[in-house]
Number of protein chains: 2
Amino acid sequence: MGSAMAVPLYQAKAEFFRMLGHPVRIRVLELLGEGPKQVRELLTDTGVEASSLSQQLAVLRRAGIVASAREGSTVTYALAGPDVADLMLAARRILTEMLAGQVELLDELRESAVSRARS
Amino acid sequence: MGSAMAVPLYQAKAEFFRMLGHPVRIRVLELLGEGPKQVRELLTDTGVEASSLSQQLAVLRRAGIVASAREGSTVTYALAGPDVADLMLAARRILTEMLAGQVELLDELRESAVSRARS
DNA sequence: TGATGAATTGCAGAGTTCTTCAATTGATCA
DNA sequence: TGATCAATTGAAGAACTCTGCAATTCATCA
């Protein structure tokens with residue numbers, strides 16, 4: 001404990017969320033939530049360029065949120081720990097609520113736009 | 001339901017996380033978790049430039065995660081709904097676990113670096 | 001060994017986000 | 001009204017991220 005260069009917690013949090021902030025990375029994490037997957041599977045499931053996927057996998061690897069293992073000529077990825085799966089579930093739950101909230105908000109906005117138009 | 005231009009869910013998620021991915025925005029959300037705050041309070045608590053804070057508040061506002069209300073010459077911000085507070089709590093919990101995991105991972109890395117150095 | 005397939009890395013250009021300065025809006029009060 | 005404080009907006013440059021091409025690594029197998 002007590003490193004020479006402690007990163008403030010709020011900054012670590014921000015970096016963590018930023019790391020999650022990319023559609024391909026989200027998809028990969030959700031796919032890995034189902035279980036370990038080979039890169040070829042991730043490739044076909046996401047439909048992105050091989051090198052582009054690799055770049056995003058590298059981001060997740062550097063963050064320590066996934067782990068890769070070479071098996072012969074193929075590479076398999078998996079979530080780095082059970083917490084990560086929990087995290088993805090929590091995020092999904094939270095986001096579903098959030099998006100529901102946004103829909104309501106949208107309705108409100110629509111409503112007030114209408115009343116503004118009427119006046 | 002069923003808008004003309006539905007955004008894929010994983011993209012909405014990515015945007016949401018990206019929106020969280022900034023140290024000042026994280027700090028603001030945590031401060032607002034304690035209760036509504038005036039901009040002046042946020043200013044002194046975060047210590048950033050006024051215009052910089054305003055920019056970040058605008059990001060949170062556009063995302064619909066905070067709400068602002070003018071009261072005389074000052075403006076007060078609050079979390080836009082109870083889900084948001086839950087979200088922040090969940091994120092904190094998750095991240096604490098994650099960071100603990102990272103420390104372990106770091107220990108492992110240190111360990112393997114040492115054994116590599118030995119061989 | 002060389003040819004092939006799987007995955008990664010390096011890199012350049014396009015695009016996005018951050019910060020800061022200056023200008024603006026809105027409210028208060030002498 | 002004009003002076004002042006609070007907060008926001010606009011805009012420009014620096015910094016960062018993303019994509020896709022080309023080159024590379026690593027393993028397999030004829």
Side-chain angles (χ1 to χ4, degrees), chain A residues 7-8 10-29 31-32 35-80, chain B residues 7-8 10-29 31-32 36-80 116:
Chain A
V7 175
Y10 58 84
Q11 192 174 331
K13 287 188 191 179
E15 274 163 27
F16 177 74
F17 284 124
R18 183 182 297 177
M19 182 272 285
L20 293 178
H22 188 287
V24 171
R25 297 197 289 263
I26 293 287
R27 293 199 81 189
V28 166
L29 290 177
L31 288 167
L32 294 184
K37 296 250 182 302
Q38 295 187 334
V39 172
R40 22 181 37 260
E41 298 180 75
L42 296 175
L43 255 176
T44 58
D45 289 357
T46 61
V48 303
E49 265 258 325
S51 72
S52 204
L53 178 62
S54 252
Q55 299 279 5
Q56 305 312 329
L57 288 174
V59 172
L60 297 174
R61 247 187 294 122
R62 264 180 255 125
I65 203 173
V66 305
S68 67
R70 176 147 233 147
E71 284 161 16
S73 69
T74 69
V75 175
T76 300
Y77 276 82
L79 296 184
Chain B
V7 175
Y10 58 84
Q11 192 173 330
K13 287 187 191 180
E15 274 164 28
F16 177 74
F17 284 126
R18 185 181 294 178
M19 181 273 284
L20 294 178
H22 189 287
V24 170
R25 297 197 289 264
I26 293 286
R27 293 200 79 187
V28 166
L29 291 177
L31 288 165
L32 295 184
K37 296 250 184 301
Q38 295 188 332
V39 173
R40 21 181 40 262
E41 298 179 74
L42 295 175
L43 255 177
T44 57
D45 289 357
T46 61
V48 303
E49 265 256 328
S51 70
S52 202
L53 178 61
S54 251
Q55 300 278 6
Q56 304 313 329
L57 288 173
V59 172
L60 296 175
R61 247 188 294 123
R62 264 180 254 125
I65 203 174
V66 305
S68 67
R70 177 146 233 149
E71 285 161 15
S73 68
T74 69
V75 176
T76 300
Y77 276 82
L79 296 184
R116 234 182 295 114

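Each chain gets a letter, A, B and so on, in the order the sequences are listed, and its residues count up from 1.
- If you measure from atom CD of Q56(A) to atom C1' of dT17(D), you get 9 Å, rounded to the nearest angstrom.
- The closest side-chain heavy-atom distance from I65(A) to L79(A) is not below 4.5 Å.
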Inset, instruction - For M19(B) and L60(B), run side-chain contact (heavy atoms from CB on, under 4.5 Å): C-alpha distance rounded to whole Å, both residues' side-chain angles, the deciding distance at 0.1 Å, then the answer. - result: CA-CA 7 Å; M19(B) 181 273 284; L60(B) 296 175; 3.6 Å; yes
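- Remark: C1' of dT17(C) and CG of L20(B) are 15 Å apart, rounded to the nearest angstrom.
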Under 3.5 Å, which protein N or O atoms sit close to an N or O of nucleotides 7-10 of chain D? Give each pair with its distance.
| unit_1 | atom_1 | unit_2 | atom_2 | d |
| --- | --- | --- | --- | --- |
| dA7(D) | OP2 | R40(B) | N | 3.4 |
| dT8(D) | OP1 | Y77(B) | OH | 2.5 |
| dT8(D) | OP2 | S54(B) | OG | 2.6 |
| dT8(D) | O5' | S54(B) | OG | 3.2 |
| dG10(D) | O6 | Q55(B) | NE2 | 3.4 |

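- Contact annotation: H22(B) reaches the phosphate of dT19(C) (side-chain N/O to OP1 or OP2, under 4.0 Å).
- Residues passing the side-chain contact (heavy atoms from CB on, under 4.5 Å) test with E49(B), sequence neighbours excluded: S51(B), S52(B).
- In this structure, M19(B) atom CE and dT17(D) atom C1' are separated by 19 Å, rounded to whole Å.
- Considering only heavy atoms from C-beta on, L57(B) comes within 4.5 Å of L42(B) through its side chain.
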Inset, instruction - Check the pair Q56(B) / H22(B) against side-chain contact (heavy atoms from CB on, under 4.5 Å), numbers first and verdict last. - result: CA-CA 9 Å; Q56(B) 304 313 329; H22(B) 189 287; 3.8 Å; yes
Legend entry - Chi angles and distances behind the side-chain contact (heavy atoms from CB on, under 4.5 Å) call for L20(A), R25(A): CA-CA 6 Å; L20(A) 293 178; R25(A) 297 197 289 263; over 6 Å; no
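- Regarding R18(B), its CZ atom lies at a distance of 15 Å from the P atom of dG15(C), rounded to whole Å.
- Rounded to a whole Å, the CD atom of E49(A) is 14 Å from the C1' atom of dA23(D).
- Counting to the nearest Å, the C1' atom of dC18(D) and the CD atom of E15(B) are 15 Å from each other.
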